[in-house]
Number of protein chains: 2
Amino acid sequence: MTITEVSERLDISQDTLRYYERIGLIPRVNRNKSGNRDYTEEDCKWIEFIKCMRGAGLTIEVLIEYVALFQRGDETIEARKELFIEQRKQLIARIEDMKETLERLDYKIAIYEQSIVEKEKTLTYTKVLPEAGQLSNLYRQK
Amino acid sequence: MTITEVSERLDISQDTLRYYERIGLIPRVNRNKSGNRDYTEEDCKWIEFIKCMRGAGLTIEVLIEYVALFQRGDETIEARKELFIEQRKQLIARIEDMKETLERLDYKIAIYEQSIVEKEKTLTYTKVLPEAGQLSNLYRQK
DNA sequence: TATTGACTTGGAGCTAACTCTAAAATGGTA
DNA sequence: TACCATTTTAGAGTTAGCTCCAAGTCAATA
């Protein structure tokens, strides 16, 4: 596969593909006779895996370490496992954090919903704008 | 409250606190007679809220927009609600993504666990190292 | 054979989000 | 009164993670 094909297939820019290879985030890709990259399915799996992990917030640094361990062979299996266990721990923490933030967003949306309903009621039934100091404070929660 | 107190309490550097204020990520903080920031509880709530949202991945840009809307008063309630609904949607997507990545990490950890057990078995029961081409491939999954 | 287009490399440039620096003001302590 | 810590500002510097550029190679086509 050419870099153009892989780039389109995995939706990663050619520059990023080259960059990832350069810094050791994916193993070196073979070149054809004319020196151009010729990606295998294996290469694609690596790239896709890296993309997935990056998307979840694993740093490039830690992923480079993983690739380096992988390339050193079987003696690093335990180290790789430990690396993933640590990253898993951090990922779980991030997810928990985000869930809490989501609840907070939900709450704010609910309050705004309420505020709008209240405002509409006021406008519809009393034809009078709410006093600046009263109702307005209601809308101004954080 | 002084900037030192708030910095320690919310675990945000003084530089970051000043930076957030400068770019409009939090409303302007009052100064005392000598020109130093004097944070109120309200200010702290803002900062804590912003910190929480930033931690979940909302960009500074979108949060600045929120603060700007907030400061324009009640006429922007609907817009603020819409902003939060959009961010909520994106946050849910990020969480789902991360959950999938977590499963993938779990799977890899399980495989490594397996690999190690297999390796130990081999070493213990047969006293023979696995052939490079066979079992080694097992460990080398991505 | 000249041109075109995809590819190569090393290195420079960019953006978001801080983080640091320098120079100056203030207020409390020896 | 001299010193010291804390704070102020504007602006420069840093880091991660790309993204762009220039100069050159190569293969295919007009």
Side-chain angles (χ1 to χ4, degrees), chain A residues 1-40 43-44 46-68 87 90 94 97 101, chain B residues 1-40 43-44 46-68 87 90 94 97 101:
Chain A
M1 258 166 287
T2 66
I3 197 165
T4 304
E5 284 162 355
V6 174
S7 167
E8 282 164 9
R9 173 168 159 189
L10 300 181
D11 196 30
I12 300 179
S13 80
Q14 299 188 16
D15 274 315
T16 301
L17 287 173
R18 292 194 197 97
Y19 168 70
Y20 279 1
E21 186 179 341
R22 187 161 21 151
I23 64 175
L25 191 45
I26 53 167
R28 184 177 163 83
V29 174
N30 272 346
R31 314 295 146 117
N32 61 19
K33 335 85 216 156
S34 44
N36 294 4
R37 287 171 182 79
D38 186 12
Y39 292 86
T40 64
D43 292 327
C44 285
W46 264 108
I47 297 162
E48 195 274 324
F49 173 72
I50 292 295
K51 187 190 178 187
C52 177
M53 294 299 140
R54 287 286 302 122
L58 278 72
T59 62
I60 281 186
E61 190 185 11
V62 80
L63 290 169
I64 286 176
E65 194 192 334
Y66 167 65
V67 174
Q87 294 306 308
Q90 293 185 22
R94 278 201 295 277
D97 247 51
T101 304
Chain B
M1 259 166 288
T2 67
I3 196 165
T4 304
E5 284 161 355
V6 174
S7 167
E8 282 166 9
R9 174 168 156 189
L10 301 180
D11 196 29
I12 300 180
S13 80
Q14 300 187 16
D15 275 315
T16 301
L17 286 172
R18 292 193 196 96
Y19 167 69
Y20 279 0
E21 186 179 341
R22 184 160 27 146
I23 64 174
L25 190 46
I26 52 167
R28 186 177 162 81
V29 174
N30 272 347
R31 313 296 146 118
N32 60 20
K33 334 86 215 155
S34 45
N36 294 3
R37 286 172 182 79
D38 186 11
Y39 293 86
T40 64
D43 292 327
C44 285
W46 263 108
I47 296 162
E48 194 273 324
F49 173 72
I50 292 295
K51 187 190 177 186
C52 176
M53 294 298 139
R54 286 286 302 121
L58 277 72
T59 63
I60 281 186
E61 190 185 13
V62 79
L63 290 169
I64 286 176
E65 195 192 333
Y66 167 66
V67 175
Q87 293 307 309
Q90 292 185 22
R94 277 201 295 278
D97 247 50
T101 304

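Below, read A as the first sequence line, B as the second, and so on, with proteins coming before strands; counting in each chain starts at 1.
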Discussion item. Is there a side-chain contact between A/Y20 and the phosphate of D/dC18, meaning an N or O under 4.0 Å from OP1 or OP2?
Written reply: yes
Discussion item. For the backbone of A/R31 and the side chain of A/D38, can you confirm whether one donor and one acceptor N or O come within less than 3.5 Å of each other?
Written reply: no
Discussion item. Can you measure A/I12 atom CD1 to D/dG17 atom P for me and round it to whole angstrom units?
Written reply: 15 Å
Worksheet item: Any side-chain heavy atom of A/I64 sitting closer than 4.5 Å to one from A/I23?
Response: yes
Item to complete: Please tell me if the side chains of B/V6 and B/D43 come closer than 4.5 Å, counting only heavy atoms from C-beta onward.
Response: no
Discussion item. Can you measure A/N36 atom CG to D/dG24 atom P for me and round it to whole angstrom units?
Written reply: 18 Å
Practice prompt. Return the 5'-most residue of the pair A/Y19, A/K33 with respect to DNA chain D, ranking by each residue's nearest nucleotide.
Written response: A/Y19
Discussion item. Using a heavy-atom cut-off of 4.0 Å across all strands, would you classify A/R54 as base, sugar-phosphate, or nothing?
Written reply: sugar-phosphate
Fill in: Ion pair check, A/D15 and A/R18, cut-off under 4.0 Å
yes
Discussion item. Need to verify one output field. Residue with the more 5' nearest nucleotide on DNA chain D, B/R37 or A/E61?
Written reply: B/R37
Worksheet item: Among D/dC18, C/dT21, D/dT7, which nucleotide sits nearest the side chain of B/D15?
Response: C/dT21
Worksheet item: Under 4.0 Å between a side-chain N/O of B/S13 and OP1 or OP2 of C/dC18, yes or no?
Response: no
Worksheet entry | Spacing of A/I60 atom CD1 relative to D/dC18 atom C1', expressed in whole Å | 8 Å
Worksheet entry | Sugar-phosphate only, base, or nothing, as touched by B/I23 at under 4.0 Å among non-hydrogen atoms | nothing
Worksheet item: To the side chain of A/S34, which of C/dC7, D/dA27, D/dA10 is closest?
Response: D/dA27
Worksheet item: Among A/N30, A/L10, A/I47, which one satisfies side-chain contact (heavy atoms from CB on, under 4.5 Å) with A/Y39?
Response: A/I47
Discussion item. Below the 4.0 Å mark, does C/dA6 have OP1 or OP2 next to a side-chain nitrogen or oxygen of A/T2?
Written reply: no
Response to the item:
Taken to the nearest whole Å, CZ/A/R18 to C1'/D/dC20 is 11 Å
Response to the item:
Taken to the nearest whole Å, CZ/B/R31 to C1'/D/dT7 is 11 Å
Discussion item. Rounded to whole Å, please give me the gap between CD in A/Q14 and P in C/dA6.
Written reply: 9 Å
Worksheet item: When the distance from CD of A/E5 to P of C/dG5 is rounded to whole Å, what number comes out?
Response: 19 Å
Response to the item:
Whole-Å distance, B/N32 CG to C/dG27 P, equals 8 Å
Discussion item. Using the side-chain heavy atoms of A/T59, tell me which of these nucleotides is nearest: C/dG11, D/dG17, D/dT7.
Written reply: D/dG17
